[in-house]
Amino acid sequence: MYVLISYALYYFIILYVVVHFVLFFFVDADFSLLWASLLGRKPEAKLKGQVAWVTGASSGIGEELAYQLARCGSRLVLSARREDELKRVKRQCLECSNLKDEDILVLPLDLLERTTHEAKTKAVIQHFGWIDILINNGGRSQRSLFLEASVDVYQALMELNFLGTISLTKQVLPHMTQRGTGAVVTISSVLGIAGAPLATGYAASKHALQGFFNSLRTELYDHPRILISTVCPGPVQSFIAHNAFTEDLHKPVAAAGDQTHKMPTSRCASLILAGIANGVKEMWIAQQPFLAFYYAWQYAPTLAWFLTNILSKKRVQNFKAGVDADSAYFVKPKTS
């Protein structure tokens, strides 16, 4: 009997490994998040009625999160700098859900104006009474080489992506610890784990966020009902490239490039909400071959460096040739 059980366990382990190996070529999220999305609690049941504050809600991932949260029945605080765009998103949320006007608060917010964050937080609590979920999604990307970029660009990236996020979290988290429950979800990036050319400052800000929230999570050991989660998306269809910093603070991106090869924003947002509903602490979200790089950087760094060096050279060549940086892995550089 013992031998039969041992054989059964042995074959089960082999089958488990084989299934995961085969699935790996088709999945678009790490296995913990994938299984949570397939077999875990559904966002529409878990998040219904919860108050979710989304920064960067005027476009991209933040906008799509707002729509999907609205359909889940979550009450919303929509924040970004552009109030007119936030009002547009609010109208769309009301149209696609059963929420009422008072269930969605449009709250213009500039992450750089840290002295306003306390008052903004108090405004949310005054309107809804509490905050269940803070989704730190606001920020900007970068498209420039270090040797050509001003140091002012690096200061701006850290001020916005890192310190702005930390400042808002600093105001919201004490409210959550007092209540004993809540979730702080921060949209990081694959570049919070790995490195890539043209984004040295952006990667630095995302690495800083990863280090901060990983450390913060350890400090909250006596608050087990507070989720600290970081989300690491790969390329996603959004407008983040349109608003990226270049080598100069005031120089816009020449061309944001093609978005078709990137993950649909709706899929990214649905995975994020599945992760929140199931308490996933770190989410890796990307289509192949980008997801493979997550695993390579985590488990085979020597291989990751080898592959990254090859692809980085191609990316820089394409950038200098005027080809979209985001699609550089898929487009051959122009030749004269």
If Ile, Leu, Val, Met, Phe, Trp and Tyr residues are connected whenever their side-chain heavy atoms lie under 4.5 Å apart, and connections chain through other members, are [X] and [Y] in the same group?
X      : Y      : answer
Val54  : Ile131 : no
Ile276 : Met263 : yes
Val106 : Leu76  : yes
Leu163 : Ile228 : yes
Val236 : Leu33  : yes

Counting only N and O atoms by type, is there a donor-acceptor contact under 3.5 Å from the side chain of [X] to the main-chain atoms of [Y]?
X      : Y      : answer
Lys314 : Asn309 : no
Arg41  : Ala274 : no
Lys206 : Ile187 : yes
Arg143 : Ala199 : no
Ser150 : Asp248 : no
Ser312 : Ala196 : no
His207 : Leu191 : yes
His127 : Glu102 : yes
Asp103 : Lys100 : yes
Gln237 : Lys262 : yes

> Would Leu216 and Leu173 satisfy side-chain contact (heavy atoms from CB on, under 4.5 Å), going step by step from the backbone distance to the final call?
Replying inline: CA-CA 11 Å; Leu216 176 62; Leu173 189 57; 3.9 Å; yes

Distance, nearest 0.5 Å, that separates [atom1] of [X] from [atom2] of [Y]:
X      : Y      : atom1 : atom2 : value
Glu159 : Thr165 : CD    : OG1   : 11.5 Å
Leu86  : Ser58  : CG    : OG    : 5.5 Å
Ser141 : Leu157 : OG    : CG    : 8.0 Å

Test item: [X] and [Y] side chains (from C-beta on) under 4.5 Å apart, heavy atoms:
X      : Y      : result
Thr55  : Val77  : no
Ile133 : Trp53  : no
Ile193 : Phe293 : no
Thr186 : Gln210 : no
Ser229 : Met283 : yes
Tyr202 : Phe245 : no
Thr246 : Val253 : yes
Val184 : Leu227 : no

>> Below 30° counts as parallel, above 60° as perpendicular, anything between as tilted: where do the rings of Tyr294 and Trp284 land?
In response: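 If you compare the ring of Tyr294 with that of Trp284, the planes turn out tilted.
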
Under 3.5 Å, is there a donor-acceptor pair linking the side chains of [X] and [Y]?
X      : Y      : answer
Thr116 : Asp110 : no
Asn318 : Arg315 : no
His117 : Ser167 : yes
Arg71  : Ser97  : no

Side-chain ion pair, [X] and [Y], N-O less than 4.0 Å:
X      : Y      : answer
Glu118 : Lys170 : no
Arg91  : Glu95  : no
Glu83  : Lys87  : yes
Arg179 : Asp132 : yes

>> I need the minimum non-hydrogen distance between Ala149 and Tyr154, along with the two atoms involved.
In response: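 Minimum heavy-atom separation between Ala149 and Tyr154: CB-CE1, 3.8 Å.
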
